[in-house]
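Letters A, B, ... mirror the listed sequences (proteins, then strands); counts begin at 1.
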Amino acid sequence: MTDDLAVTEYVVRTIAEESVAQEKYFGELDAVVGDGDFGYSLARGFEFVLADFDSIDRTDAGTFLSKVAVMITSHIGGTSGPLWGTAFLRAGGSLKGNENITGPDVVAALRAAVEGIKKRGKAELGDKTLLDALVPAIDALETSLAAGDDAAAAAQKFAVTARSAAEATSTLEARRGRASYTGERSIGSVDAGAMGIAVLAEKIAATWPTG
Amino acid sequence: MTDDLAVTEYVVRTIAEESVAQEKYFGELDAVVGDGDFGYSLARGFEFVLADFDSIDRTDAGTFLSKVAVMITSHIGGTSGPLWGTAFLRAGGSLKGNENITGPDVVAALRAAVEGIKKRGKAELGDKTLLDALVPAIDALETSLAAGDDAAAAAQKFAVTARSAAEATSTLEARRGRASYTGERSIGSVDAGAMGIAVLAEKIAATWPTG
Amino acid sequence: MKKFINDPKQFVPEMLEGIALANPDTLRYVPAYNLIHRADAPNHNKVTIIQGSGSGHEPAHVMTVGKGMLDGACPGDVFAAPPLDFITETVKLLASDKGVLLLVNNYTGDRMAFEMAEEVAEADGVNVKTLFIDDDVAVKDSTYTVGRRGVAGNFFVMKAVGAAAENGADLDELVRIGEKVNSVTRTMGIALTACTPPAKGEPLFDLGDDEIEIGVGIHGEPGRRREKWMPANDIADVLLDAIVPDLPFESGDRVAVMVNGLGGTPISELYLLYGIVHKKLEALGISVGRNYVGEYCTSLDMAGASLTLVKLDEEIETLLAAPAEIAIRVF
Amino acid sequence: MKKFINDPKQFVPEMLEGIALANPDTLRYVPAYNLIHRADAPNHNKVTIIQGSGSGHEPAHVMTVGKGMLDGACPGDVFAAPPLDFITETVKLLASDKGVLLLVNNYTGDRMAFEMAEEVAEADGVNVKTLFIDDDVAVKDSTYTVGRRGVAGNFFVMKAVGAAAENGADLDELVRIGEKVNSVTRTMGIALTACTPPAKGEPLFDLGDDEIEIGVGIHGEPGRRREKWMPANDIADVLLDAIVPDLPFESGDRVAVMVNGLGGTPISELYLLYGIVHKKLEALGISVGRNYVGEYCTSLDMAGASLTLVKLDEEIETLLAAPAEIAIRVF
Ligand SMILES: Nc1ncnc2c1ncn2[C@@H]1O[C@H](COP(=O)(O)OP(=O)(O)O)[C@@H](O)[C@H]1O
Ligand SMILES: Nc1ncnc2c1ncn2[C@@H]1O[C@H](COP(=O)(O)OP(=O)(O)O)[C@@H](O)[C@H]1O
Ligand SMILES: [Mg+2]
Ligand SMILES: [Mg+2]
Ligand SMILES: [Mg+2]
Ligand SMILES: [Mg+2]
């Protein structure tokens, strides 16, 4: 067991617990121009992750994430299953075998996740998806780490940027996902996935284990 | 054409026009513990009577009523079609060939109608049906005529009694018709058919042709 | 009121026209009497079977006209028994040499209209018999009351006599079969919402957001009692507790089960309810020989369902299993 | 929310169990993958046909499993594409030597899950092809957008490839047929009310008492625009004006017409709408070769309807007319 693994476990557990806790809110976000099941899908899927949490292979952080990815694709349906599963899988692949994860490694893993999501969902920045919160947040994380911030501070920057970027999605017209069917009517409300990223990031930052 | 016929025409036309005018109200009365179509049934049926009004056989008042009866049974469905049709048929039969209709003749015709309704509907007084307004109103009419009242005054007595008797049906439990399925829950609201009789009688009395 | 409708007064005729246009080879429509009948009726090798009743219960009965079921249906307006004329003219038009069987759900208006029509038809020399269906256990049955209502269980009577008529059974035999099926059929219904008759334009009664009506009829008449919403498991208990002891249905019995939607409840929920009922019956030692899940006899757009049990014997089961060709294939 | 339901999380499994209990001779249920499959699958003399999609569209697709239609359906939860595992395990279990055809309604989640599953299955050596259905004219189609949705028109693709597979057609032939049917199928839907997903417990969107949503999808996604309620005649115009010019359908064409209920609309209204559409098509010189009126692909309890036209040729018409045996008989 490494420190890296402990942090990874913390992040995954927090994402899972917060997804379950925010089921209703995430569902409401998705109901505005989507079909209202974003919260339900994440919550049901991450319940499985939590139920089996202790038995997940912990060889290293990368392996751990890859196993979580399989649990997600197996148990989360809808658009979120393949997207989030791909993201975890790519991040895990990027870190696999790495026993000494550095700040740039984390950034690289997150960028690998983004590439996976883009490829899987054929989405670009500005299409009003979770990418529009995730990508600027990763940029902020990178800048913060490069500036010498510690992990807790960097996580905080990530969260703050994710929140403002998620809120900014309300001005965008959806071009991917179910919300895109409503065309211009999607303008004026935030993207559920993007706001999901922000809420999860805030929880991660707020309860970051210090010491 | 006799005076009797003119009066009969007046009564039938008033019933028909008022039934059309009260469609919504009669429907609401029936919706409380019935199925809400009492107003619709009467209105649709009497629309046919009004449409063909001028071509109805006017040999005498009895014939006129019998023809109206056939129009009612042909065009009014539900419980009201057979009941009202039978009532008009029996009243017509009672008066047929009578060229000089007296007060007692009218009472006899109405009592014949009541017998028809009772037989057709297997209902008794107190079962919370239109009989509970009609029968006491006929009694009042008979008393009034016997006391020497003129037709307009007798019609007024009929209407007043029909109204109070109809209102009194709210204390009864329905034992016939659709309302009876609700058992005790029918107590507390008036019977739609009984109130229908009262409303029609009031209109007849209020616009009674004087002179 | 939001419906697919033009004018409430044209609701029934326009629906009937749609049925006729959708089934040009097999059905005929006579607008004057709201009549939908088999293109090949009357068929003098079989008894003619006619069912009336009000509209608003579709697919009952206009969409169950066809080989193996009804020869004709002449509904009244929404929830109103047909006027006498509709019935007498329908009988005249469709009467077969082997006679006419009239199937009537036991409601006051329907009873009266069909009894009058039977008299008229007999006077015209038609060999006609009338069979009243009264499967609804929600209503107390005594000589003091109007008796039980005919509800979704009418399907089984229609199906059985329809099949027997196709086999050439005579009128008396059809009456025997119909009465027998009716005597072993029991139904109980529950409404989750009120229905909205087109002519009224608003719900027939007020039902709270968390209330249900137990023992409801198929015309939106209020039922036995109002309760708070409860899970499907408990609803299944309410329905079975009313139905099972009534006949009674007993361990060892083989039954047909119908979970009938009242018009606004999706098929997913009906199958969910069916699964629960099936298992509860099994636990009682009652085996399901045939099942029917879907809409058979509705109350316009009412959300709700009824449960029907039919005690099977070989004769009934064979008749229920016989083929039939109707606009809606529900079995 | 008033539904026949116990626990929202058990809504889909309990419904699937009901289907299985109702069809013990013909269907099997595998709870781990929400899978309903033919009791005789895999049949190595025919290609296996599987359709996924979310739940909440019943009878699509779990109730259309059977001879002549699907070999299996493995839906996700309500309105959610099935997780990857469901599909890969279903393919493993049902794969035939002649291959597997996956039918997918064109939605992002479904596309992704089935594309991933196709990769996995191919890696396992299964001969698998995927066919995307996108019949919804309400959605603008361009490379810039996610493309049209698959809605009620999926029935015709399912039915045609189902019949062809039963006749022994190989996988490539099925893909050809499916693509052809999809290419001549157009659908447009209208919602009168929002639907209530069990897990949400309240309507998915607010629609005023006098408002309707035009161009709605089958997941309660808002549609093209919101308008005031209008008579059925005008609704028929809105639907036809969107569909007819799109293919286009032209005078002299012979079509199949489907008036599909979205779950909360009674069959009476659907036939009323059908009658209007039939006459308007006739007026355009378009003749109706086959018609389908009822519920084929729903949005839970949503009141509303969709209209589908399919341009017929002899090949398609023959395949549509072929027999099929499914839990719900809808054709
Ligand atoms: N093609 C895509 N690429 C990336 N993200 C997407 C895409 N489509 C949808 N999303 C994201 O997924 C979220 C919706 O997830 P979910 O509710 O599970 O999907 P569904 O539409 O299948 O119900 C959206 O808010 C958006 O952030
Ligand atoms: N058996 C009966 N005998 C006499 N009157 C009856 C009987 N049944 C019902 N009625 C009267 O008919 C009225 C309802 O008429 P209507 O709405 O046309 O009947 P339905 O119940 O068929 O909808 C009742 O309010 C009652 O006054
Ligand atoms: Mg969603
Ligand atoms: Mg009534
Ligand atoms: Mg009525
Ligand atoms: Mg979804």
Nearest 0.5 angstrom please: [X] [atom1] to [Y] [atom2], how far?
| X | Y | atom1 | atom2 | value |
| --- | --- | --- | --- | --- |
| A:Arg176 | D:Thr108 | CZ | OG1 | 7.5 Å |
| D:Lys9 | A:Tyr40 | NZ | OH | 7.0 Å |
| D:Arg149 | A:Ser180 | CZ | OG | 8.5 Å |
| D:Lys200 | A:Asp30 | NZ | CG | 9.5 Å |
| D:Arg111 | A:Thr79 | CZ | OG1 | 12.0 Å |

Next item on the list: Return the option, out of D:Asp110, D:Thr88, D:Leu204, with the maximum number of heavy-atom pairs under 4.5 Å with chain A.
Entry: D:Leu204
Next item on the list: Mind ranking D:Gly109, D:Gly215, D:Pro83, D:Ala81 by heavy-atom pairs under 4.5 Å with chain A and telling me who comes out on top?
Entry: D:Pro83
Tell me whether the count of non-hydrogen atoms from other residues, nucleotides or ligands lying under 6.0 Å of [atom1] in [X] goes above 12.
| X | atom1 | result |
| --- | --- | --- |
| A:Phe48 | CZ | no |
| A:Lys67 | NZ | no |
| A:Lys203 | NZ | no |
| A:Asp57 | CG | yes |

Shortest non-hydrogen separation from [X] to [Y] and the atoms involved:
| X | Y | answer |
| --- | --- | --- |
| D:His219 | A:Asp35 | O-CB, 3.5 Å |
| A:Arg178 | D:Phe79 | NH2-O, 3.5 Å |
| A:Gly77 | D:Ala80 | C-CB, 4.3 Å |

Quick one: what part of [X] sits under 4.5 Å from any heavy atom of chain D, side chain, backbone, both or neither?
| X | result |
| --- | --- |
| A:Ser74 | both |
| A:Val32 | backbone |
| A:Lys24 | neither |
| A:Glu47 | side chain |
| A:Arg185 | side chain |

Next item on the list: Check whether D:Tyr33 gets within reach of chain A through its side chain, its backbone, both or neither, counting any heavy atom under 4.5 Å.
Entry: neither
Notebook entry, point to check: In terms of heavy-atom proximity below 4.5 Å to chain A, should D:Glu89 be classed as side chain, backbone, both, or neither?
Noted result: neither
Item checked: Residue, of A:Gly27, A:Ala174, A:Ala31, A:Gly45, that accumulates the most heavy atom pairs under 4.5 Å with chain D -> A:Ala31
Next item on the list: Pick whichever of A:Thr86, A:Ile72, A:Thr182 has the most heavy-atom pairs under 4.5 Å with chain D.
Entry: A:Thr182
Notebook entry, point to check: Testing A:Ile76, A:Val70, A:Thr73 for side chain to side chain contact (heavy atoms under 4.5 Å, CB included) with D:Leu84, which one passes?
Noted result: A:Thr73
Item checked: Check against side chain to side chain contact (heavy atoms under 4.5 Å, CB included), A:His75 and D:Asp85 -> CA-CA 7 Å; A:His75 294 295; D:Asp85 257 31; 5.8 Å; no
